[in-house]
There are 2 protein chains.
Amino acid sequence: MVTIKDVAREANMSVATVSRVLNGSGPVSEETGRLIRELAGRMRYVPHSGARSLITSKTETLGVLLPDLYGEFFSEIIRGMDSTAQRHGFHLLISRTYADKHEIETAMRAMRGRVDGVVVLSPDLDADSLLNLPSTIPVVLLCSVAKGNEMDSLTIQNCRGARDMVTHLVKLGHRRIAIIKGSPRNYDATERLRGYRMALRDAGITPEASLEREGDFSDAAGYAAAIELLAMQKRPTAIFAANDAMAIGALSALRESGVRVPEEIAVGGFDDIPLARYMDPPLSSVHVPIAELGARAVEMLLHGVTHKNDHPRRRERVSTELVIRRSTGGESAERPPPRTLKRETVST
Amino acid sequence: MVTIKDVAREANMSVATVSRVLNGSGPVSEETGRLIRELAGRMRYVPHSGARSLITSKTETLGVLLPDLYGEFFSEIIRGMDSTAQRHGFHLLISRTYADKHEIETAMRAMRGRVDGVVVLSPDLDADSLLNLPSTIPVVLLCSVAKGNEMDSLTIQNCRGARDMVTHLVKLGHRRIAIIKGSPRNYDATERLRGYRMALRDAGITPEASLEREGDFSDAAGYAAAIELLAMQKRPTAIFAANDAMAIGALSALRESGVRVPEEIAVGGFDDIPLARYMDPPLSSVHVPIAELGARAVEMLLHGVTHKNDHPRRRERVSTELVIRRSTGGESAERPPPRTLKRETVST
DNA sequence: AACAAATATGTAATCGTTTACATAGAGGGC
DNA sequence: GCCCTCTATGTAAACGATTACATATTTGTT
């Protein structure tokens, strides 16, 4: 593997000069510059980033700690992060962890010397507390807000989004609106529940415990909860699932039970995953700009990395948008399946 | 940031001893070992991996070069890679590129000194040729087979999978079976086309150009192709889409046109993405074990990395499996939406 | 003509590790 | 008591870059 020394020898120059040419630091004669650049190219010299980061104490790499989550959310958030990072010349070191304190801590240490900063996605409410340990590198906390500590955080406008959806249902005349909740330990889930209750109160409706069903963001949970709701004497006329996966599970339960959506029961989800529009009926949801979330997290992190000294900690929130389709029967329903997709879906 | 020197000073020992303790190399007294380990833990010492990799010339990191692809495929393959890598104590450095020669090459160099090996997912047939440059580190080529060079490759059993699906359609009595193709520059697409033709020939049917429609793996393309097929005087009785996204697009075109599936036209896809089973009717497809694909790629790469000297190049292929649901009306149709999902879908 | 300033280049220290080699004391066999 | 072999530790040289400082050459000012 060719090193800077090899190039220097070949060019009859010192390594310092080569380094200066390649980094554009310090003065060099035009001729020397050309020679060395040409030589370096021909010899396929690429600086060893480990060596470089050792002396500059910069790695130009950002760490990403993600819980073991699946599907569209994962890929979208990485896309947002990577494109932003790449635009700034940074790489992404990705690590999946279980969202538990110990694992996160282990992963954090493993990143030492490899990254200039870390984005931690920690929807598990417990996990954030340990993160209070003063980290030596900048950290951005995603989908969770750490209590009174020293890192940036970025969250989804969960409460507002849920409130919008439920208010939408209320406007359609629904009074008995059920919710299929997420895990009580999940930050997003608790916020969405808060928004649900808020919207009901806004409408003068008293939240009712029997209409709040446990769930865990899985489609199986959505299915089970829907079955339970159907068994009630006083059925709800609308169901708000705290995420689309559960909404889809619920839809399939309703279909099996011969319940018409939205005529007998309206269904709304949260996330607006791509398949939402392909459901039958197409699922109304709360759109979350996932890639944007990732992009913004990296931007915040990069600011922390480059302005380490003066970087005021921030708490931001990306906004959501209500997307009305046929599953809630709203008047302004979106047209049936769109012909063009913003983004191409590539199979393999 | 605490270094090995700090620990050594605190322990009144030389850095060599500390290094030996922490790496379990060389002999140390039990007492010294305990002392240093305890101290290192308390001081939160973590070795600087850059420095370490400089001297050992190992990074314990694998690079992953992915085209800008979306959705489930991306996250699943990363999952498979990461879990395997983690099990071997390796990290993943992920970079998205456009699948073009220049970009791939740039990304490859940027990885120099950062990784011990690279997995390159290069479905674009052109891109593989440049990869022939003798890379200094091991490379595993995914979803593409490089011509007569020196890297491992791992592909999907595309041809066989497509053949199985089409044969299944033939067995149901179909004779006029259309295909919605992928890009002719895409390796998976061309192989699936090959499988389609093979199955037809096996059944004594002559492939017909008018039944082979262009597509690009996007749902929009599937929709458009289906519309075209419906406009033919002699409509096909079955459609095989080269991936699920196009199959879903086709389904929605058929629904809009009031064509019953599978009674009037049967539809089969490829990939078996998670939403396939939620379609109406549930979509028959060819299951691709995506996570496994990623896992196997990393395994091959790790073998190349650790047995650098004697590592015979291999060409492997992961097998697919036909999944019959209602969209092809096969007799042994899978039961309606499964109640439990192997993997939990977490929203955020 | 002399000297300062600017330009081009080289020398060597440094970053945080690992590790080959050196050293020193302890134990054992004769 | 001598030598050999362990065991435990220290010393210092790498690894491949960057960069402060030194040096030599050129240019410009007076």
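Here is how names work: the chains are called A, B, and so on, in the same order as the sequence lines, proteins then strands, and each is numbered from 1.
The separation between B:K5 atom NZ and D:dG10 atom P is 15 Å, rounded to whole Å. The distance from atom CZ of A:R52 to atom P of C:dT17 is 21 Å, rounded to the nearest whole Å. D:dA14 atom C1' lies 5 Å from atom CD1 of B:I55, rounded to whole Å. Taking atom NZ of A:K58 as the reference point, atom C1' of D:dA17 lies 15 Å away to the nearest angstrom. Between the C1' atom of C:dG16 and the CG atom of B:L54 lies a distance of 9 Å, rounded to the nearest Å. With rounding to whole Å, B:D6 atom CG is found 8 Å from C:dG16 atom P. Going from atom NE2 of B:H48 over to atom P of C:dT14 covers 18 Å, rounded to whole Å. Atom-to-atom, CE of B:M1 to C1' of C:dG16 comes out at 12 Å; the value is rounded to the nearest Å.
For C:dT18, the OP1/OP2 oxygens have a side-chain nitrogen or oxygen of B:S19 closer than 4.0 Å. Listed pair A:T17 / C:dG10 meets the phosphate criterion, a side-chain N or O lying under 4.0 Å from OP1 or OP2.
Looking at A:E191 and A:D188, their side chains never come closer than 4.5 Å, going by heavy atoms from C-beta outward. A 4.5 Å side-chain heavy-atom check between B:D6 and B:Y45 finds every atom pair outside the cut-off. The shortest side-chain heavy-atom distance between B:L65 and B:S95 falls under the 4.5 Å cut-off.
The distance between the ring centers of A:H307 and A:H311 does not fall below 6.0 angstrom.
Looking at residues 22-39 of chain A, you'll see A:P27, A:V28, A:S29, A:T32 sit with a heavy atom under 4.0 Å from some atom of DNA chain C.
The side chain of A:I4 approaches D:dT18 more closely than any other nucleotide in the set C:dG10, D:dG10, D:dT18. When distances run from any side-chain atom of A:S14 to the nucleotides C:dT18, C:dT19, C:dG10, the shortest one goes to C:dG10. Out of D:dA17, C:dT17, C:dT9, the shortest distance to the side chain of B:A51 is found at C:dT17.
Within the 4.0 angstrom heavy-atom criterion, no nucleotide atom of any strand lies near A:V7. When heavy atoms are screened at a 4.0 angstrom cut-off, B:N12 is found touching the sugar-phosphate backbone but no base atom.
Map B:V15 and A:T3 each onto its nearest nucleotide of DNA chain D; the residue landing nearer the 5' end is B:V15.
How far CD1 of B:I77 is from CE of B:M81: 4.5 Å, rounded to the nearest 0.5 Å.
For the residue pair B:R114/A:T61, the side-chain donor-acceptor check at 3.5 Å is satisfied.
Both the sub-6.0 Å distance and the 45° axial angle are satisfied by B:R96 relative to the ring of B:F74.
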